[in-house]
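Take a look at the structure set out below.
What's counted below: heavy atoms across the whole structure, side chains too, no hydrogens, waters or symmetry copies. Counting from 1, the numbers follow the sequence of the chain as shown. Remember, it's 1-based here, ligands and their atoms both numbered in the order they're listed.
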Amino acid sequence: MKIAIINGPNLNLLGKRETGIYGKESFEAFYEKLKASFDAVEFHYFQSNVEGELVNELQRVGFNFDGIVLNPAAYTHTSVAIGDAVAAIPAPVIEVHISNIFNREEFRKISLVSANAVGVISGLGLKGYELAIEYLIQHCTG
Ligand code: DQA
């Protein structure tokens, strides 16, 4: 099974960025543990701070991966293009947010991606990525 994890802007700074909200662990360190705990999964990881690059990557993996875990970060709240890309591809997309976007600023409560995602996990920290992968393994094989 092939699963892509796609992270949006500023998530390359996890572990250094607003650690009270996003935690002290870097995504790279977490990703190593993730790969070790799902050894039957073929993972691909992509992060970009650029909206169009995220759209390109969704289009690239969206037709040949079994599932995508997507944290569009700030683009969640602004990007029609990322929402459209999620709608355009056959691979199931789980939207993940480390923080609970519903108990923060008003502008974070709007997602332009959620309507086209299979589901959304928000507020469970990095554990959300793990749960999204478990869901994809159980429900989206073949
Ligand atoms: C985030 C929440 C977004 O509102 C924010 O812009 C991020 C990260 C999260 O994972 O909690 O960069 O997607």
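Ring geometry for H77 versus H97: interplanar angle under 30°, hence parallel rather than tilted (30 to 60°). The aromatic rings of F43 and F38 stand perpendicular to each other, their planes meeting at an angle above 60°, with 30° marking the opposite boundary.
Contact annotation for N71 and ligand 1: only side-chain heavy atoms (C-beta onward) come within less than 4.0 Å of the ligand. Residue contacts with ligand 1, taken as heavy atom pairs separated by less than 4.0 Å, involve I101 solely via side-chain atoms from C-beta onward. Residue R108 touches ligand 1 through its side chain alone, judged by heavy-atom distances below 4.0 Å.
The atoms of ligand 1 that sit less than 4.0 Å from any heavy atom of H77 are 3 (C), 4 (O). Interface of R17 with ligand 1, defined as ligand atoms under 4.0 Å from a residue heavy atom, comprises 7 (C), 12 (O).
Around the NZ atom of K2, the shell of radius 6.0 Å holds more than 12 heavy atoms that belong to other residues, nucleotides or ligands. Around the CD1 atom of I110, the shell of radius 6.0 Å holds no more than 12 heavy atoms that belong to other residues, nucleotides or ligands.
Side-chain atoms of S79 never come within 3.5 Å of backbone atoms of T76 as a donor-acceptor pair (strictly under, hydrogens ignored).
When only non-hydrogen protein atoms are considered, atom 1 (C) of ligand 1 lies nearest to H97 ND1, 3.7 Å.
On a distance-only criterion, I98 and ligand 1 share at least one N/O pair closer than 3.5 Å. For a threshold of 3.5 Å applied to N or O pairs, the pair formed by A74 and ligand 1 contains at least one separation below that value.
Between K35 and E42 there is no salt bridge, since none of the side-chain N atoms of the basic residue sits less than 4.0 Å from a carboxylate O of the acidic one.
Using a 4.0 Å heavy-atom cutoff, Y22 is listed among the residues neighbouring ligand 1.
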